[in-house]
Amino acid sequence: MKTFPMFLQMQGRRVIIAGGGEQAAQKCRLILKTEAAITIIAPSLDPELSDLHGQGRIKWSAATVTAPDFADAALVFIATGCPAADASLHVLAKSVGATVNVVDQPDLCDAITPSIVDRSPVVVAIGTEGTAPVLARQIKTRVEEMLEPRLGDLAALAGRLRDRAAMRLGPRMRRDLWRWVFAGPARDAHSRGGEREAARMIKEAIDTASFGASNEGTVALVGAGPGCKDLITMRGVQRLQEADVIYYDRLVDPEILDLARRDAERVYVGKAPGCHHWPQDKISGVLVAAARQGKRVVRLKCGDPGVFARGAEEADALNAAGIAYEIVPGVTAASAASAALGGFMTERGTCDTLVLATGRSEVAGKTPEWLNILHPGTRVAVYMGVGAASNIADALQQSGLEDHVEISIVSRAQQADQTIARCCASTLVDTIKTKDISNPAILFLTRPHVGTAQHQMAPHAVLAEA
Ligand code: SAH
């Protein structure tokens, strides 16, 4: 970030606008939304500014500007319409250390005005550091649609009731209360115009401490997707934002943790292959213990929590402890890898059976279990399969399927350093070596129907291969 968003205190402060034309009027309109005292410094005013001056809403000085005029101002806007005059006023304002915005001259700006969605006291500011104002406006339009017009009044009502809640409820209950207020019937009532009804509901909830909150902890086994921030589900994000503590895995994109509350505890319980720092029963144990303390627990797993994620063991432990849990699905690595290939995991008439298998259970010299069901029209997605590549190649060769199976490999699917390779059984080991493919990777083994044209998994999209 070259610029950092902050909300400036404007109550009782001065804002100076140098210039009396349309550009100055635009800034004036913006600042009139605040409680700052506006002074326009200009030899003359356009009709709009003149009108505002006539109404006593702004001050006006036609005198020659001097440095002390800018001293102690919360903000200085320079908008004379004349670049040379703007530049010399900028020097003057900087000589007293003012925070300056020179209209249309980003190089002379200490501060940039954002696109604003105003539901005061709820204010959303959108900035693109001057790179894409049109995008900022598009985002503003979407946020405008998202936030009901009366939301600011509801926030203000909540603000007035904060002390009442603080007197009667502890911190955790208060968090539950406000979550209930902003996601439940009180907000619905308020947005329909029922301000009094909403106020009554919230007061009653505070006084009786009943708003669907409970002191029991919960656990959500959440799928984080294949390791990039934008492939987690919206429900997953919601659970992250509600969480008091998050136990996360090795392959989870660290940026996903930014979606959680800032004060949520984050605990890494990653298991690198071959070195189990956190044995599974210890992980299950901490989930149970945290939930027993009444915490909202998220167990964040890469991909989908139901695919090779040892979710069942954690669920068993939670069941045994009588703790409620929820499973929030995620985009599993095979889906991510298939999409990265520009293909589809199943295709009518070509591949009607899909098997998810793990290379970890493969023992050298032993036939992989999926081999018996690798009939024509079947595709096997092998997870954790890189280390088992030579076993897989041997098994395909020994069973006579070597020439009937197409192989696609996707390493770090949907990540910046994604790698894609295609080969056959006889070239599998070499391909992995020469392309330097490592885990996490998915191996797709596809046995097309007899008679279908040689079919590589990727005919549907143009791909940039690594
Ligand atoms: N629950 C996960 C799987 C966990 S097992 C899921 O549903 O995806 C870990 C294995 O998943 C890795 O060894 C690799 O085979 C696969 N994997 C995870 N993320 C991947 C990615 N971004 N690209 C390719 N494979 C991935």
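Atoms within a ligand are numbered from 1 in the order they appear, just like the ligands themselves. What you see below is based on every heavy atom in this structure, not just the backbone, and it leaves out hydrogens, waters and symmetry mates. In this text, all values refer to a predicted model and were calculated from it rather than measured experimentally.
- Applying the salt bridge (charged side-chain N to carboxylate O under 4.0 Å, His left out) test to R137 and every residue at least two apart in sequence or in another chain returns nothing.
- Not one N or O on the side chain of D249 forms a donor-acceptor pair closer than 3.5 Å with the backbone of L251.
- With V298 as reference, R239 is the one residue of R239, Q241, E242 to meet the side chain to side chain contact (heavy atoms under 4.5 Å, CB included) rule.
- The minimum heavy-atom distance between D253 and K229, with the atom names listed, is OD2-N, 3.0 Å.
- Under the 4.0 Å criterion applied to side-chain N and carboxylate O atoms, D244 and R175 are assigned as salt-bridge partners.
- Residues E314 and K301 are paired through a salt bridge, judged by an N-O separation under 4.0 Å between the basic side chain and the carboxylate.
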Enumerate, one pair per line, all nitrogen or oxygen atoms of ligand 1 lying under 3.5 Å from a protein nitrogen or oxygen, stating the separation to 0.1 Å; write 'none' if no such pair exists.
from     : atom 1 : to   : atom 2 : distance (Å)
ligand 1 : 1 (N)  : C302 : O      : 2.9
ligand 1 : 1 (N)  : D304 : O      : 2.9
ligand 1 : 1 (N)  : V307 : O      : 2.7
ligand 1 : 7 (O)  : D304 : N      : 2.8
ligand 1 : 7 (O)  : D304 : O      : 3.4
ligand 1 : 7 (O)  : T332 : OG1    : 2.6
ligand 1 : 8 (O)  : T332 : OG1    : 3.3
ligand 1 : 8 (O)  : A333 : N      : 2.8
ligand 1 : 15 (O) : M384 : N      : 2.8
ligand 1 : 15 (O) : A441 : O      : 2.7
ligand 1 : 22 (N) : P226 : O      : 2.8
ligand 1 : 22 (N) : A413 : N      : 3.4
ligand 1 : 22 (N) : A413 : O      : 3.2
ligand 1 : 22 (N) : Q415 : NE2    : 3.4
ligand 1 : 23 (N) : A413 : N      : 2.8

